[in-house]
S.K.: 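Once you've had a glance at the structure underneath, I'll fire off some questions.
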Amino acid sequence: MTQQATTQPVAKYRKDYQSPSHTTSDIELYFELHDTATVVTATSQVKQLKDSTTLELDGEQLGLQTLQVNGQDWTEYELLENGLTIHQLPEQFELKIVTQIDPEANTALEGLYKSGGAFCTQCEAEGFRRITFYQDRPDVLARFTTTVEADKTTYPYLLSNGNRVDEGSLDNGRHWVKWQDPHPKPAYLFALVAGDFDVLTDNYTTRSGREVALEIFVDKGNLDRAPHAMTSLINSMKWDEERFGLEYDLDIYMIVAVDFFNMGAMENKGLNVFNSKYVLANEKTATDTDYLGIEAVIGHEYFHNWTGNRVTCQDWFQLSLKEGLTVFRDQEFSSDLGSRAVNRINNVRIIRGPQFAEDASPMSHPIRPDKVIEMNNFYTLTVYEKGSEVIRMMHTLLGEEGFQKGMKLYFERHDGTAATCENFVAAMEDASSVDLKQFRLWYSQSGTPTLDVTSEYDEASQTFALTVSQNTEATHEQKEKQALHIPFDVELYKHTGKAFKLIIDGKPVSNVLNVTESSQTFVFEGIESQPVPSLLREFSAPVKLNYDYSDEELVFLMRHATNDFARWDAGQMLLAKYIKSFVADTSKAVVLPEGVIDAFRGVLLDSSLEPAFIAEMLTFPSHNEVSGWYKRVDVDGIAKVLKAIKQVIAQALIDELSATYYSLTQDGYSIEHTEIGQRSLRNVCLGFLAYTEQGNTLVEKQYDTSSNMTDTIAAMSAANVAQLACRESLMADYSDKWKHDGLVMDKWFMLQGTNPASNALEVIRDSMNHEAFSLKNPNRIRSLVGAFLNNNPVQFHSKSGEGYQFAGEILRQLNESNPQVASRLIDPLLKFRLYDEQRQVLIKQELDGLKSLDNLAKDLFEKVTKATEE
Ligand code: B3K
Ligand code: ZN
């Protein structure tokens with residue numbers, strides 16, 4: 001046996017995929033849990049698949065104790081830095097490996113670790129290799145049997161995947177429970193939890209009559225914050241049966257909420273582990289946004305049971321196969337349960353803001369990446385959100401019925417196996433006979449396509465011609481781009497507000513045009529008068545759209561488009577025109593024409609519109625979204641213009657905003673969608689009114705009288721954004737009340753992080769000494785530091801460079817304790833080329849400093865090298 005030295009991280013390529021040399025049919029695990037020295041015994045039934053007597057296993061940070069093959073000690077092996085290679089193996093054998101690990105020292109929160117007082121695991125993507133030596137790849141599927149043994153008093157609950165089949169007590173105060181998961185699964189879906197919890201139980205009968213026990217485990221004392229998660233779970237189970245015909249397949253479904261978690265949640269078979277942020281809520285501690293987030297994430301993880309667990313990924317390059325599809329499913333779930341328009345608007349905001357920004361960054365990649373150094377770096381907006389848009393485009397092209405046929409065929413062909421994105425598209429194509437040949441490019445081509453659209457009306461022939469040109473700019477890792485198949489949803493309006501029938505070549509055509517060439521003209525016939533085109537309805541493709549709309553046309557669409565999303569989008573385009581013109585010349589006074597102000601007044605007073613939708617109409621593009629419109633970003637100019645536009649609207653509509661604010665006063669609190677919508681509009685009004693003379697009084701009063709967290713936080717953020725006199729006292733009062741509750745304090749940390757005041761960084765540094773703060777807890781880091789880096793543009797990009805230095809300091813610490821969190825945090829620095837020379841130099845200094853670390857984690861290595869390459 002030999003031990004190898006540390007080497008530079010190496011990239012893996014999608015094209016190099018090779019099926020496994022061996023597979024494991026069954027694995028039996030025994031965990032003897034101890035804080036610093038847990039012993040894991042793994043007994044696997046292994047079978048050769050290829051002509052190879054050598055088996056390569058993955059393993060990191062493991063203490064190997066024994067290695068046996070068919071009951072014999074085995075010496076034919078090499079211990080490597082990242083694994084174990086075993087030689088001279090028979091065709092089929094039992095492999096027994098005993099390893100020792102240290103959960104308490106595991107601050108990376110990958111593998112087996114301690115969260116507060118409990119043991120828990122996170123194995124996706126490659127965490128199982130920190131538990132035992134194994135073929136830690138998603139195309140090796142085994143049946144898992146897991147026994148967990150621990151002290152009975154400290155850890156009364158011992159959980160793992162599948163069904164509980166046996167249990168017992170030992171003489172030394174310890175006990176054990178044995179779990180069996182009948183569904184073969186890859187190691188990334190393995191989970192174990194041990195601890196003491198309060199449990200909320202319920203049950204669900206599937207439509208075929210299976211009784212399923214539902215259990216949600218939360219920290220002691222938090223039971224009153226678990227019911228919304230349970231309701232969301234039951235709604236998810238029901239929805240998946242109704243809309244997709246998919247039923248749950250075990251007798252028990254468990255969710256455990258933990259405080260220390262790198263991301264949102266994890267879909268481990270039968271035993272989801274959740275960030276407590278996506279489980280715990282009551283009206284005093286959680287906002288409406290939190291409630292909706294919980295519903296979406298509970299749904300998302302549940303839907304993975306079919307799209308992810310029953311059919312998993314062949315290799316990690318295929319991640320979007322399960323993630324894009326499952327995001328699509330959770331978006332549909334939220335839309336079916338709540339407002340479709342509001343959900344669509346918010347999903348589109350994510351694509352147009354941070355996803356387009358990712359496309360334009362050094363980390364740009366196709367939804368199915370070709371090259372990866374650290375897989376955890378690819379759980380991105382591109383793979384998830386753009387991935388979901390790609391699924392949605394197929395849904396648009398096939399229709400609901402065709403899409404569901406495709407899903408059925410996909411499960412018929414691939415249930416119980418590890419599949420590829422290509423398998424999915426092929427199933428959609430075969431089930432519907434829609435040609436998706438060119439469409440497949442969406443999987444391999446990165447970057448954001450731009451559609452330049454022009455139109456020409458010919459009165460004599462009564463035709464309206466739309467010319468659509470598409471172009472995708474070169475991205476960091478891919479220079480050549482091809483024309484994509486883009487579903488382009490359009491409508492043409494008469495001046496009465498009615499839509500023309502769409503006729504091309506004498507035949508009626510669908511609203512969804514197939515744009516497939518780099519430039520293409522569609523000539524519509526029978527158009528009796530100059531129409532107003534509504535383009536890219538429902539955001540039918542994740543592209544940028546350019547069309548030279550007049551103000552009048554946009555105002556017309558805001559009023560008359562039959563589709564709510566199109567109305568909202570027209571409002572956004574109208575604002576964009578003015579934002580762009582003021583940013584181009586920041587010395588120009590910000591004034592808006594009466595017609596524009598009237599259009600927003602009209603929306604605010606339109607009683608036929610849902611309050612939730614009006615609130616979206618009045619929510620303007622964020623600094624981040626606006627920044628994405630430019631190759632060189634004027635940080636301060638954009639901030640100034642966005643604030644001024646808000647002030648202009650606030651002054652112009654002060655009476656209407658006030659009236660709406662008071663008319664929406666509520667007595668009690670419920671999370672019904674209509675009430676959420678009313679609170680949302682009321683609080684949007686407050687956000688504007690904060691800029692008026694009555695602002696301070698109004699905000700303070702709302703804070704004092706608020707009976708729920710939604711209104712409390714709305715008051716505090718209005719005070720924060722508008723820098724009202726009451727800000728400090730509200731912050732102090734809140735901290736007094738909630739200082740013992742990290743999760744609730746995250747909202748406070750976020751307000752400190754986004755504080756636009758010029759001393760923000762000083763306050764942030766102070767906040768790091770707050771008793772609720774810890775650099776070990778990812779939620780705290782994201783709330784305070786993440787908010788500063790991502791959502792405090794002016795202070796973070798201060799020309800003094802202090803913001804960047806602060807980011808560098810934190811990143812160097814996290815590089816050692818939790819590289820995954822560090823790697824999420826670094827993204828804003830990677831985009832340094834968007835800023836002026838002076839800022840570029842300052843940011844680059846920090847990146848270079850990281851690059852020169854001799855223990856730079858591969859997560860950061862991958863990003864820093866990409867960003868600093870010429
Ligand atoms: N599949 C997990 C994410 C795992 C992230 C690993 N770094 C949660 C989800 O997407 O549902
Ligand atoms: Zn997911």
Side-chain angles (χ1 to χ4, degrees), residues 60 106 108-111 113 120-130 136-138 161 185-191 232-233 236 240 255-258 260-275 277-279 293-313 315-334 347 350 363 367 369 372-388 391 418 421 778 782 814 818-825 827 857-860 862-863:
E60 283 171 19
N106 183 351
L109 315 184
E110 231 193 333
Y113 65 93
C120 67
T121 53
Q122 172 54 36
C123 293
E124 188 178 0
E126 299 177 330
F128 192 73
R129 62 188 62 185
R130 294 177 183 217
D136 189 6
R137 45 186 293 167
N161 317 89
K185 65 167 176 288
Y188 83 86
L189 289 173
F190 169 79
S232 303
L233 175 59
S236 308
D240 216 9
I255 291 176
V256 185
V258 300
F260 289 72
F261 207 64
N262 279 347
M263 61 272 171
M266 179 64 211
E267 70 263 25
N268 317 300
K269 185 82 190 186
L271 175 58
N272 289 183
V273 178
F274 266 64
N275 187 324
K277 175 177 163 59
Y278 290 110
V279 174
I294 291 169
E295 179 180 270
V297 179
I298 295 265
H300 181 97
E301 305 313 329
Y302 176 73
F303 304 141
H304 266 316
N305 191 54
W306 278 94
T307 50
N309 302 3
R310 292 286 291 245
V311 182
T312 190
C313 302
D315 55 73
W316 287 123
F317 298 101
Q318 317 294 330
L319 180 62
S320 203
L321 173 71
K322 76 176 177 82
E323 294 305 346
L325 179 55
T326 305
V327 172
F328 171 77
R329 276 154 50 71
D330 85 52
Q331 289 178 353
E332 284 300 296
F333 168 60
S334 298
N347 297 330
I350 295 175
M363 265 302 282
I367 64 166
V372 164
I373 292 182
E374 169 52 61
M375 190 54 215
N376 285 325
N377 281 342
F378 288 84
Y379 287 76
T380 57
L381 291 158
T382 301
V383 167
Y384 275 63
E385 308 298 326
K386 183 175 176 183
S388 158
I391 302 286
C421 297
R782 282 187 284 259
L814 292 174
N818 191 334
Q820 223 182 108
V821 168
S823 191
R824 288 256 149 167
L825 221 51
D827 287 345
K858 61 179 182 162
D859 317 51
L860 287 178
E862 179 166 41
K863 290 190 173 180

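All values reported here derive from a predicted model rather than from experimental measurement. When a ligand or atom number is given, it counts from 1 through the structure's own listing order.
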S.K.: Would you give the angle at the Zn ion (ligand 2) between His304 atom NE2 and Glu323 atom OE1, to the nearest 10°?
M.R.: 100°
S.K.: For atom 7 (N) of ligand 1, grab the closest protein heavy atom and report residue, atom and distance to one decimal in Å.
M.R.: Asn376 OD1, 2.8 Å
S.K.: Near Glu267, which atoms of ligand 1 are under 4.0 Å from a heavy atom of that residue?
M.R.: 1 (N), 2 (C), 8 (C), 9 (C), 11 (O)
S.K.: For atom 10 (O) of ligand 1, find the nearest protein heavy atom and state the residue, atom name and distance (0.1 Å precision).
M.R.: Tyr384 OH, 2.4 Å
S.K.: Heavy atom of Glu110 under 4.0 Å from ligand 1?
M.R.: no
S.K.: Identify the protein heavy atom lying closest to atom 8 (C) of ligand 1, giving its residue, its atom name and the separation to 0.1 Å.
M.R.: Ala265 O, 2.9 Å
S.K.: Please state which option from Met266, Glu301, Glu124 has its nearest heavy atom closest to atom 11 (O) of ligand 1.
M.R.: Glu301
S.K.: Side chain to side chain contact (heavy atoms under 4.5 Å, CB included) between Lys858 and Asn377: does it pass, once the steps are laid out?
M.R.: CA-CA 10 Å; Lys858 61 179 182 162; Asn377 281 342; over 6 Å; no
S.K.: Using 30° and 60° as the class limits, which term best fits the ring planes of His300 and Tyr384: parallel, tilted or perpendicular?
M.R.: parallel
S.K.: Tell me which part of Lys322 gets within contact of ligand 1: side chain, backbone, both or neither, using heavy atoms under 4.0 Å.
M.R.: side chain
S.K.: Under the salt bridge (charged side-chain N to carboxylate O under 4.0 Å, His left out) criterion, do Asp859 and Arg824 qualify, and how do the steps go?
M.R.: CA-CA 9 Å; Asp859 317 51; Arg824 288 256 149 167; over 6 Å; no
S.K.: My understanding is that only residues two or more places apart in sequence, or in another chain, count here; which of them pass side-chain contact (heavy atoms from CB on, under 4.5 Å) with Ala257?
M.R.: Val218, Ser276, Val279
S.K.: Just jot down the ligand 1 atoms closer than 4.0 angstrom to any heavy atom of His304, in number order.
M.R.: 9 (C), 10 (O), 11 (O)
S.K.: Should the proximity of Glu323 to ligand 1, defined as any heavy atom under 4.0 Å, be assigned to the side chain, the backbone, both, or neither?
M.R.: side chain
S.K.: Tell me if the centroids of the rings in Phe260 and Tyr113 come within less than 6.0 Å of each other.
M.R.: no
S.K.: Short question: side chain of Glu126, backbone of Phe128 - any donor-acceptor pair under 3.5 Å?
M.R.: no
S.K.: Do ligand 1 and Gln122 have nitrogen or oxygen atoms that lie under 3.5 Å from each other?
M.R.: no
S.K.: For ligand 1, which is the ligand I care about here, please tell me if Tyr379 has any N or O atom under 3.5 Å from one of the ligand's N or O atoms.
M.R.: no
S.K.: With a sphere of 6.0 Å drawn around CZ of Phe378, does it hold more than 12 non-hydrogen atoms of other residues, nucleotides or ligands?
M.R.: yes
S.K.: Which is it for Asn268 and Cys123 under the side chain to side chain contact (heavy atoms under 4.5 Å, CB included) test, yes or no, and what are the steps along the way?
M.R.: CA-CA 9 Å; Asn268 317 300; Cys123 293; 5.6 Å; no
S.K.: Name all residues meeting the side-chain contact (heavy atoms from CB on, under 4.5 Å) criterion together with Glu110; count only those two or more places apart in sequence or in a different chain, and write none if there are none.
M.R.: Arg130, Asn376, Gln820
S.K.: Taking only heavy atoms of Gln820 into account, list the atoms of ligand 1 that are under 4.0 Å away from them.
M.R.: 7 (N)
